[in-house]
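Below: one structure, written as structure tokens.
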Amino acid sequence: TVGAVALDQDGNLAAATSTGGLTNQMNGRVGDSPIIGAGTYANSEVVAVSCTGEGEEIMRSVLAHEVYALMKYKGLSVQEAVDEAVDMYKKKIGGDKGIIAMDPNGEVGMVYNCNLMFRGFRQGGDDPVVRIWED
Amino acid sequence: MKKFAIAIHAGAENMKKSEVSPEKEKAYRDGLSEALNAGWRVLKKGGTAVDAVETAVRSLEDNPLFNAGKGAALTELGENKMDAAIMDGKDMNAGACSNVQQVKNPISLARAIMEKTKHVYLTSDGAMDFAREQELTLKPIPYFQEEERIKEWEKQHEKEKKKPEARAKLRVD
């Protein structure tokens with residue numbers, strides 16, 4: 001799965017996610033990526049979110065919207081929200097997950113609960129940052 | 001300068017650092033940088049967030065190292081079936097597609113669904129018909145089938161034939 005979130009100069013947020021699914025997945029299986037609120041979500045007033053990982057678990061967690069809800073209703077920052085969302089249903093649902101999110105100030109939240117997530121961000125005129133492991 | 005920013009991701013996995021050669025790691029980093037900077041340039045020029053995320057994702061879809069577009073994983077039937085979604089936070093409009101084949105950039109199909117239909121989500125034959133109607137770029141099936149993905153699929157397919165409970169244990173998201 002690949003994805004992106006962005007804030008433009010007019011203050012609007014957007015999210016996009018695209019995937020090839022699981023290797024040898026059952027014919028007809030659809031994962032979280034195209035499910036709005038599960039793998040992808042954006043509201044310019046709060047956050048834009050894209051998810052990767054185990055799709056069934058992400059769908060059952062309604063993960064992208066969970067990040068939105070934690071920010072809107074609990075008042076968490078974008079990093080706090082992704083940190084809380086990734087482990088929110090750890091016992092009931094579990095699953096390897098990765099989340100990227102961006103708030104209306106261009107702040108980035110990133111989290112994953114497995115060995116790595118291929119990821120990067122670039123804010124305004126700053127240099128780009130690209131990471132794979134906990135580097 | 002007004003604020004603008006972009007973030008991208010590819011897979012979240014359990015691969016160990018020792019399993020990745022320095023050359024492969026460099027290729028991953030280069031692919032991520034290319035996508036990140038492509039989206040960033042759109043924003044710097046004053047483009048919309050939707051344009052930026054579509055541009056970044058198209059770059060990742062075109063890179064066979066990542067599991068989307070060219071290099072997508074194979075289903076149990078040995079086919080590429082791709083899914084994508086896009087959402088515009090400005091008006092909370094959204095578009096999504098699933099089970100599409102041969103569409104070079106499924107994210108652009110998702111955007112066309114968002115902008116040119118009254119619907120949010122099209123799948124399978126209907127999504128493919130719409131992609132053709134919109135004259136999106138289609139590619140022959142071999143374009144999507146990378147050797148490394150075929151090897152992964154063969155390994156997993158054999159494992160599941162012998163042991164059906166192994167289904168989807170090899171989680172390439």
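The sequence lines fix the lettering, A, B, ..., with proteins before strands; numbering per chain opens at 1.
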Is chain B contacted by the side chain of A/Val46, its backbone, both, or neither, given a heavy-atom distance below 4.5 Å? neither

For A/Val30, which atoms come within 4.5 Å of any heavy atom of chain B: side chain, backbone, both, or neither? both

Counting only heavy atoms closer than 4.5 Å, note whether A/Asn113 contacts chain B via side chain, backbone, both or neither. neither

Between B/Gln156 (side chain) and A/Asn24 (backbone), is there a donor-acceptor pair under 3.5 Å? no

Kindly compute the distance separating NZ (B/Lys17) from CD1 (A/Ile132), expressed to the nearest 0.5 Å. 8.0 Å

Locate the shortest heavy-atom distance separating B/Cys97 from A/Pro34; write the atom from each residue and the value. O-CB, 3.6 Å

Which atoms of B/Val42 are under 4.5 Å from chain A, going by heavy atoms: the side chain, the backbone, both sets, or neither? neither

Does CG belonging to A/Asp126 count more than 12 external heavy atoms closer than 6.0 Å? yes

Grab the two heavy atoms, one from A/Gly28 and one from B/Asn99, that are nearest each other, plus how far apart they are. O-ND2, 3.7 Å

Value for CD (A/Gln9) from NZ (B/Lys3), rounded to nearest 0.5 Å, stands at 12.5 Å

Polar contact flag, side-chain donor to acceptor under 3.5 angstrom, A/Asn115-B/Lys16: no

Options B/Thr75, B/Asp83, B/Leu77, B/Val57, ranked by heavy-atom pairs under 4.5 Å with chain A, top entry: B/Asp83

Parallel, tilted or perpendicular, as decided by the 30° and 60° cut-offs, for the rings of A/Phe118 and B/Phe66: perpendicular

Is the side chain of B/Asn67 donor-acceptor paired with the backbone N or O of A/Gly21 at a distance under 3.5 Å, no angle test? yes

Hey, could you give me the OG1/CD distance between A/Thr1 and B/Glu13, rounded to the nearest 0.5 Å? 9.5 Å

Flag the one option from B/Val120, B/Leu60, B/Asn63, B/Asp91 with the top tally of heavy-atom pairs under 4.5 Å to chain A. B/Leu60

Straight-line distance of A/Ser44 OG to B/Lys90 NZ, nearest 0.5 Å: 8.5 Å

Here the pair of heavy atoms bringing B/Ala85 nearest to A/Ser33 is CB-O, 3.3 Å

Scanning both residues in full, the closest heavy-atom pair of A/Ile100 with B/Ala7 reads CD1-O, 3.5 Å

Are there more than 12 heavy atoms of other residues, nucleotides or ligands under 6.0 Å from atom CD of B/Glu147? no

Do side-chain atoms of A/Arg122 reach the backbone of B/Asn37 as a donor and acceptor pair under 3.5 angstrom? no

For the student: nearest non-hydrogen atoms of A/Gly125 and B/Trp40, plus distance: CA-CZ2, 4.4 Å

Of A/Ser50, A/Gly98, A/Gly31, A/Gly120, the largest count of non-hydrogen pairs under 4.5 angstrom with chain B goes to A/Gly120

Could you go step by step and tell me if A/Asn12 and B/Asp88 meet the side-chain hydrogen bond (donor to acceptor under 3.5 Å, both in side chains) rule? CA-CA 8 Å; A/Asn12 295 313; B/Asp88 185 350; 6.0 Å; no

Tightest non-hydrogen contact, residues A/Ile36 and B/Ala94, listed as CD1-CB, 3.7 Å

